Every structure is written in structure tokens, then in C-alpha cells.
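One structure is given below, encoded as C-alpha cells.
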Amino acid sequence: MAETATNYSGDDKVTYYKALNDIANQIHSARDINEILINMKDQILSLFDADRITIYVVDGRRKEIYSRFKAGDLPGEIRVPIDNGSIAGYTANNAQITNIVNAYDKRELAMINKDLTFDKRWDENSGYVTRHILSVPIFYKKYVIGVLQLVNKKTGDRFTLEDQSSATEMAKVLGIAFFNQRKLTQQSTKRTKFDYLINNNIVTEKELSDAVTLSRERKLPIESVLMEEMSVKKEHIGQSLAEFYNCDYVPFDDSLPIPGELLTRLKQVYLKRNLWVPLERQDGKVKILLDNPQRLDKIDSVKSLIPAERYEFAVGLREDILRFLDYFYGIPEAKGGEEGSIDDLIGKLDSGEEVIEFDDGVDMITEDDSTIVKLVNKIITDGHKKGCSDIHIEPYPGKYGAEIRFRIDGACQVYQTIPSHYKKAVASRIKIMSDLDISERRKPQDGKIRFKRYSPLDIELRVATIPTVGGEEDVVMRILAAGEPIPLDKMGMGERDYGMLLECITKPYGIFLVVGPTGSGKTTTLHSALAHINKKETKIWTAEDPVEITQKGLRQVQVLPKIGFDFAAAMRAFLRADPDVIMVGEMRDHETVATGIEASLTGHLVFSTLHTNSAPETITRLLDMGMDPFNFADALLGVLAQRLVRTLCKDCREPYHPEQDEYDHLARAYAGRFDALGIPYSDDLTLYRAKGCEKCGNSGYKGRTGIMELLYGTDEIKGLIQGRAKMEDIRGQAVKDGMTTLMQDGIRKVFLGITDFAQVRKVCIK
């Protein structure tokens with residue numbers, strides 16, 4: 001492909017070469033080549049009339065080139081292998097100038113080398129269109145030590161022979177400058193904590209010097225100044241510290257279990273003053289976070305205070321170490337002395353003043369044992385603050401303590417460990433709060449805690465105790481925080497399911513069921529449906545156990561099975577109280593289901609929940625419970641099955657292009673009518689995966705969403721019910737009628753970037 005020369009006039013050519021010489025002289029005379037390139041970026045771009053410029057340097061150890069300097073709207077550090085797979089890599093590999101007219105023209109690239117490709121991802125993410133690329137090797141003597149790459153002339157023309165010649169001259173200047181600086185760097189033995197920031201052009205040496213001055217003037221850590229004044233990202237500072245100290249960098253993470261055993265004999269004031277904190281003990285190794293892992297005096301203190309077989313030291317920012325300490329120790333003293341630091345409380349327990357343990361293992365505890373009271377209050381308060389749905393207290397037999405775990409967004413996380421000789425005391429305290437029998441440890445019990453009686457926090461907890469091996473007793477507390485119903489149009493349903501759900505819940509009579517396992521959001525969905533039809537002219541009765549969500553306009557009843565006031569009794573009472581709509585928390589037995597079907601056939605709209613795995617399975621389960629198939633078929637409006645899946649964190653989810661195999665796997669899992677999604681495989685197809693950031697506790701997931709399947713009571717479905725058809729036949733007809741299964745709805749949400757397939761597989765099979 002023929003090149004064309006730029007038609008410079010005599011004066012233009014003199015000006016052009018004067019500018020080139022001026023840049024070359026400044027580079028040669030600069031002590032810091034990074035700083036001079038950053039300061040001259042506009043001048044360099046103007047010289048070549050280019051949109052973007054990238055200067056790569058060879059990393060011989062990894063056989064890659066990495067971006068040493070960038071000007072223009074470009075991503076972070078760029079690294080590409082030294083091979084023929086990329087334009088810059090090809091230039092370095094073959095030591096040849098590469099002048100591309102159209103980077104998207106595969107034929108042009110193939111004419112240069114059959115393996116040559118252009119990576120379009122940066123263009124796709126930014127909306128920029130790369131057309132012309134001029135890539136020139138940077139030599140020192142006969143060795144390629146880097147690549148100079150120019151992108152897109154602002155005039156819209158291609159790069160010319162004159163541009164090639166100028167870029168080659170610039171590359172010679174850069175080659176000498178890079179070599180001289182490398183020699184100076186090798187001669188200098190002094191390293192700093194922030195070499196990574198300078199070497200990767202995140203800050204210049206002058207900016208770093210200014211940050212040091214500011215930190216002294218304001219008496220702030222230099223890391224804080226870099227983040228606040230220089231807009232340096234926290235993870236870049238962490239990476240720089242990790243490289244300098246040759247260890248891991250650990251940011252603050254409130255999902256880490258509190259290492260109660262390691263903190264028991266350590267004072268928070270001492271750790272704050274010395275800026276270190278223990279993180280965990282695992283397989284005989286203790287992990288310690290310090291601000292400076294090279295301080296031998298701190299390491300000696302750690303080893304004297306926390307004996308261990310092995311130690312692992314990690315580096316952290318001052319603010320993160322302090323946040324870890326505040327999180328681990330809790331608020332020093334809450335108002336009125338209600339609760340203190342959880343480790344202070346455990347420390348008080350270890351003094352032996354609070355609990356007297358007799359030989360038979362029964363802890364003599366009353367409501368007046370203040371430290372145990374504060375400890376249990378603290379556990380519940382912290383669980384609520386973290387947004388957990390369930391608190392699990394799990395004692396182990398013998399000398400082992402009790403582990404406390406919080407279920408957050410459907411996944412359990414370790415929170416704390418209680419010493420072995422206080423695990424029974426904690427269980428007894430929770431029983432007292434729940435009005436349960438503390439002397440009965442041989443059989444399960446269940447009760448409720450109205451936490452407002454013990455703390456300013458207005459929540460209710462459902463408590464279940466279960467005897468476990470070794471004479472221990474597990475306690476599980478479900479937090480029933482009062483909430484508002486979610487609007488139906490915000491629940492993420494598909495268009496067909498949303499329309500049919502509205503049709504079901506606005507019928508004058510019939511029965512509509514929401515099914516799924518415990519904790520799948522059934523009650524929330526029913527309350528959302530009730531909120532949609534809650535009008536002045538409609539009388540709505542609800543029977544719940546417990547009442548979690550309250551709505552004005554509903555007449556809500558708490559059932560009390562202990563006195564015989566169960567769901568069936570409540571429903572019979574409702575039928576005498578002039579209802580339009582009845583909502584029953586759960587259909588657990590034949591009588592409740594039969595009464596519900598009877599009510600729906602006598603002109604009432606009945607909502608309820610059931611514990612089944614799928615919508616078709618619900619029908620066969622009810623028939624197995626003895627329901628009359630003809631009455632049930634007449635009454636049925638629809639069955640909504642649902643699950644909750646963890647959603648990807650919106651702040652850090654990572655886009656990627658799936659391989660054909662992954663796409664085919666999703667298509668197979670969808671099992672039928674996959675083309676109805678309208679998502680063909682293409683180069684533009686993007687899925688998302690979990691990455692992890694501070695906002696999601698480095699898990700990559702934050703929050704949950706529902707996946708649903710709605711079986712609508714069509715005439716064909718009703719005919720199958722009357723004939724007591726098999727569950728597989730009912731499922732087949734429902735799918736034929738347009739039902740989207742739980743798995744299919746989950747895969748739809750995978751393609752929408754809401755979740756990933758691993759989370760969908762965790763909650764459903766089909």
C-alpha cells in the first residue's frame with residue numbers, strides 16, 4: 001500500500017522540525033522522563049496531529065510490553081505479549097514500523113501477518129473508534145526496548161511517510177532517554193513506598209513531593225493526601241505498598257470474621273497507638289495487618305503478645321487498620337451503657353465474675369447477669385446493622401466454643417466465636433428473652449423476641465432452639481424487621497409473568513399461591529400483590545405468623561398456635577367477617593387448604609403460601625393432601641414459584657465476552673425456546689462476573705433479586721388437575737402455555753447482567 005508524503009511548505013517544515021528538536025532537547029535534559037512526558041503530552045500530540053499516543057516499554061522477564069506513558073482517553077496500564085497477536089506486540093516482536101490505514105480491516109491486518117488482530121474491547125467500552133495506527137519500535141543500539149504508537153490523525157487522514165520519519169526520530173530520542181534513566185535507576189539503591197505510582201505514571205515525582213509537603217503541613221498521612229488531593233485510587237496505593245514491602249495489601253473488609261480469640265487480651269487503645277491488628281488464625285498461622293511490616297519492634301511485640309507457630313504479615317493503610325479495630329471492638333460504650341465492645345464483653349466474661357458454671361454443665365444465669373445481657377444485645381444489634389436475615393449460634397461439644405454466623409444476602413458469614421464455658425449462658429439468655437423454658441434442653445423450642453424491650457432497636461426476632469450432639473443447643477434467630485411492600489413493577493418480573501400476575505390478583509374470586517422454600521420472599525411478594533389491590537372499597541383480612549409487613553387498610557391478625565388459634569381457625573373467623581380478600585400466611589395442613597378452596601369457591605379471593613419446589617409440583621402436592629380435584633381446578637387462578645438469587649455488585653461487576661462454549665452451556669441449561677430470548681451469540685455479546693470491592697465486602701455480590709415461574713390456571717391445566725395428571729404432564733402443559741421456568745428466568749437475568757449462572761444454579765435445578 002503506497003505511502004504519501006506530507007506537503008509541508010518551507011516555513012511549515014522549519015517549524016515542524018524546530019518543535020521536534022525542542023521536545024527532544026527537553027527529554028534529553030530531563031532528570032525525570034515520566035514527568036517531562038506528562039507535562040509535554042499536549043505538545044507531543046500536537047506535533048503528530050494525533051488523538052492518542054502510547055509509549056510502551058519492554059518487560060523482558062514477562063516477555064511483554066507495558067504502557068509507560070499515555071496521552072488521550074485510554075484505560076489504565078496496558079500490557080500485551082511480545083508476539084504477532086497485537087499491533088504493538090507485532091512491532092516489538094519484529095522490530096518493524098507498522099502503519100495501519102484501517103484497524104478494523106481484517107484483510108489489511110492479514111496482509112501484514114496472518115496472526116495480527118485488533119482488540120476492539122477498548123473502543124466498545126469507550127465509544128471511541130480507532131482507525132489509523134502508526135506503531136514504531138524504540139531501539140537502543142540494536143535492541144528493541146519499547147514501542148511508540150500513535151492513533152488517529154485529527155485531520156482524519158492516515159499517517160504519512162513524514163509522520164513515520166518524525167516518529168522514528170522521536171523513538172531514537174526515547175531509546176537513549178530510557179536507557180540512561182534505567183542506568184541511573186540501577187545505580188540508585190534507594191526505593192520508596194510509592195515507586196509503583198511513579199513508574200506507572202499515576203503521579204509525577206513533583207506531585208509526590210508536593211504530597212509529602214502537604215502531609216507535613218496538615219499532619220495527615222501521605223496516603224490520605226494522595227487520595228484526596230491527587231485523586232489517586234486507594235487500590236493503586238495499596239499495590240504500591242505491597243510491592244515495596246513484598247507482602248499482601250489488605251483493605252478494610254467488614255465481612256471478615258471477628259478474631260475474638262486473638263483480641264481477648266489486647267487493648268484497643270494499644271493497637272490504635274501502634275497501628276496493627278490481628279486478622280485470623282488458621283492452621284497454626286496468625287495473620288497480622290500493620291502499617292509498616294518492616295518495623296522490627298512491632299513484629300517483636302506481635303510475637304510476644306500472640307504466640308503462634310507461624311506468622312504472616314500484611315500491609316494496610318492507617319485508616320483501614322483503625323476501621324478494622326473499630327469494627328472488631330465495636331462502639332466503646334453505647335448510650336446508657338447498653339452494650340460495649342464485643343471483645344471487652346468477652347474479656348469481662350473471662351474474668352470469671354459473670355457466670356458460675358457447676359459440674360453438671362448448667363450455667364446459673366439470670367436476666368441480671370449484665371455482661372451476658374450486653375453480649376447478646378450486641379450480637380443482635382450488629383446482625384441488624386449488617387443487614388443479616390438470620391443469626392446462627394452454633395456451639396461445638398466439649399472444650400470448643402460457639403461460632404456465631406450471620407446470613408447476609410443468602411450466604412452465611414462467620415461473625416464471632418464465644419469461649420466454650422459461656423456458650424450455654426448465651427443460649428439461656430436468648431431463651432429468657434424469648435419466654436422459653438431454660439431448663440428444657442432435650443427438645444426443640446420456638447418463640448419470639450420483641451427486642452424493643454431490651455434495646456432502643458425496634459425489631460422482632462423469631463427464635464428456634466434445636467438440641468445438638470454433646471448436650472449442646474443451637475439457636476437460630478430470624479430478624480423480622482418491619483418493612484414496606486415492594487411495588488410489583490419493581491420486582492424484575494418478565495413481561496408475560498407480570499401481566500398474568502396482575503390478571504390473577506385482580507380476579508373477584510379464586511385461589512392464588514406463592515410457593516418456595518423458607519426465606520425465598522413469598523410473604524414479600526404476597527404483600528406486594530395486596531398493596532396493588534388495597535383500595536378503600538376492598539376488605540382484606542390477613543392471618544400471619546408473624547406479621548412482618550404492616551399496611552394501612554389491611555386487617556392483620558397474628559395467629560397463636562399455642563392457644564389453638566391457628567391458620568385454619570383464623571380463616572374460619574374471617575369468613576364470618578365479611579371479607580373480599582383473604583391472605584393466609586401458610587397452608588400447612590388439609591383443613592387450612594380445604595377451607596381456602598371453599599372460601600375461593602364462595603366468592604372470595606384467597607392468597608397463601610406453600611413450601612414446594614416448583615409451581616407444577618404444588619398442584620400434585622395439594623392433590624396428595626386430599627383436595628377434591630374438581631373443586632381445586634375450579635378455584636385455581638395460578639401458582640407463582642420463586643427463589644432469591646444474589647445480585648452482582650453494580651459498583652464492581654466486570655464485563656466480559658463469553659466463549660462460545662459458555663454460551664452453548666447456557667443455551668442447553670435453558671432447555672427449550674432459547675431463541676425466544678432474542679440473544680444470539682456475537683462478538684458484541686457481553687456478560688458480567690463478580691469482581692469484589694469495598695462496597696460489597698470484596699464478595700462481588702450485593703443484594704438479592706427474585707427469579708420466578710408463574711403457572712397460570714388455563715383450561716388445559718384445569719383439565720389435567722381434574723384427571724389427576726402427573727407432575728411432568730402439568731409442567732409440559734404449563735411450558736406450552738408460555739410458562740418460563742425458574743432456571744429460564746434466572747438465565748434471562750444472567751444475560752441482563754443482574755446475576756451470574758453460578759448463583760442461579762445454587763437455588764434451582766430446572
Side-chain angles (χ1 to χ4, degrees), residues 483-517 520-535 538 540 542 549 551 553-554 580-587 596 600 604-619 622 632-633 635-645 673 676-677 704-718 721 730-731 733-749 752 754 763-764:
E484 294 291 323
I486 302 168
L488 281 178
D489 58 354
K490 303 292 184 188
M491 294 182 70
M493 301 180 76
E495 189 176 337
R496 178 257 183 196
D497 289 353
Y498 178 67
M500 287 195 164
L501 177 62
L502 291 184
E503 194 174 328
C504 287
I505 66 175
T506 52
K507 289 281 178 69
Y509 55 85
I511 188 166
F512 181 77
L513 300 171
V514 180
V515 303
S520 59
K522 300 184 296 295
T523 303
T524 302
T525 298
L526 278 182
H527 268 282
S528 298
L530 290 175
H532 186 80
I533 61 173
N534 186 5
K535 305 290 190 295
T538 306
I540 303 175
T542 77
I549 299 171
Q551 292 190 54
L554 305 189
D580 292 307
V581 180
I582 296 171
M583 192 271 268
V584 184
E586 188 180 340
M587 289 189 165
S600 66
H604 304 98
L605 183 60
V606 179
F607 295 158
S608 190
T609 72
L610 207 66
H611 288 125
T612 55
N613 288 324
S614 68
E617 187 181 317
T618 305
I619 292 171
L622 290 171
F632 180 37
L636 183 67
L637 296 173
V639 183
L640 178 72
Q642 69 178 61
R643 300 287 189 279
L644 291 177
V645 294
R673 299 190 299 108
L677 277 180
R704 289 191 290 176
T705 191
I707 59 173
M708 304 173 183
E709 66 178 22
L710 177 57
L711 181 151
Y712 187 66
T714 61
D715 291 341
E716 290 79 8
I717 290 289
K718 292 185 180 203
I721 294 172
I730 295 172
R731 173 183 288 278
Q733 183 59 50
V735 170
K736 196 182 293 184
D737 292 338
M739 182 183 82
T740 302
T741 66
L742 289 167
M743 179 65 78
Q744 289 171 345
D745 192 40
I747 291 172
R748 180 177 73 89
K749 287 182 166 67
L752 290 174
I754 297 170
V763 298
C764 66

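On a predicted model such as this, the values are computed, not experimentally measured, just so you know. Below, each value reflects all heavy atoms present in this structure, side chains not excepted, and no hydrogens, waters or symmetry copies.
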Between Leu488 and Tyr498, does a side-chain contact (heavy atoms from CB on, under 4.5 Å) hold up when you go through it step by step?
CA-CA 8 Å; Leu488 281 178; Tyr498 178 67; 3.9 Å; yes
Keeping [X] on the side-chain end and [Y] on the backbone end, is there a donor-acceptor pair under 3.5 Å?
| X | Y | value |
| --- | --- | --- |
| Arg731 | Thr741 | no |
| Glu709 | Ser614 | no |
| Ser528 | Thr524 | yes |

How long is the gap from [atom1] on [X] to [atom2] on [Y], to the nearest 0.5 Å?
| X | Y | atom1 | atom2 | value |
| --- | --- | --- | --- | --- |
| Arg704 | Ser520 | CZ | OG | 9.0 Å |
| Ile707 | Ile747 | CD1 | CD1 | 9.5 Å |
| Thr506 | His532 | OG1 | NE2 | 6.5 Å |
| Met583 | Ser608 | CE | OG | 8.0 Å |
| Tyr712 | Leu501 | OH | CG | 11.0 Å |
| Ser600 | Leu637 | OG | CG | 7.5 Å |

Closest non-hydrogen atom pair between [X] and [Y], with its separation:
| X | Y | answer |
| --- | --- | --- |
| Lys522 | Leu610 | CD-O, 3.9 Å |
| Thr525 | Gln642 | OG1-OE1, 2.6 Å |
| Glu617 | Thr612 | OE2-CB, 4.4 Å |

Could you walk me through whether Arg643 and Asn613 pass side-chain contact (heavy atoms from CB on, under 4.5 Å), step by step?
CA-CA 9 Å; Arg643 300 287 189 279; Asn613 288 324; 3.8 Å; yes
With a 4.5 Å heavy-atom cut-off, do [X] and [Y] have their side chains touching?
| X | Y | answer |
| --- | --- | --- |
| Leu640 | Met493 | yes |
| Met739 | Pro616 | yes |
| Ile540 | Lys535 | no |
| Phe632 | Leu622 | yes |
| Val606 | Met587 | yes |
| Leu711 | Ile730 | yes |
| Leu554 | His527 | yes |
| Ile533 | Asp580 | no |

More than 12 foreign heavy atoms under 6.0 Å from NZ of Lys507: is that the case here?
yes
Determine whether Leu677 and Gln744 satisfy the following criterion, side-chain contact (heavy atoms from CB on, under 4.5 Å), listing intermediate values before the conclusion.
CA-CA 10 Å; Leu677 277 180; Gln744 289 171 345; over 6 Å; no
With sequence neighbours excluded, what pairs up with Lys749 under the salt bridge (Lys or Arg N to Asp or Glu O under 4.0 Å) test?
Asp745
Please enumerate all residues that pass side chain to side chain donor-acceptor pair (under 3.5 Å) together with Thr705, with sequence neighbours excluded.
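Applying side chain to side chain donor-acceptor pair (under 3.5 Å) to Thr705 gives none.
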Applying side-chain contact (heavy atoms from CB on, under 4.5 Å) to Lys736 and Glu716, what does each step give before you reach the verdict?
CA-CA 10 Å; Lys736 196 182 293 184; Glu716 290 79 8; over 6 Å; no
N/O donor to acceptor pairs below 3.5 angstrom from side-chain atoms of residues 509-517, sequence neighbours left out:
none

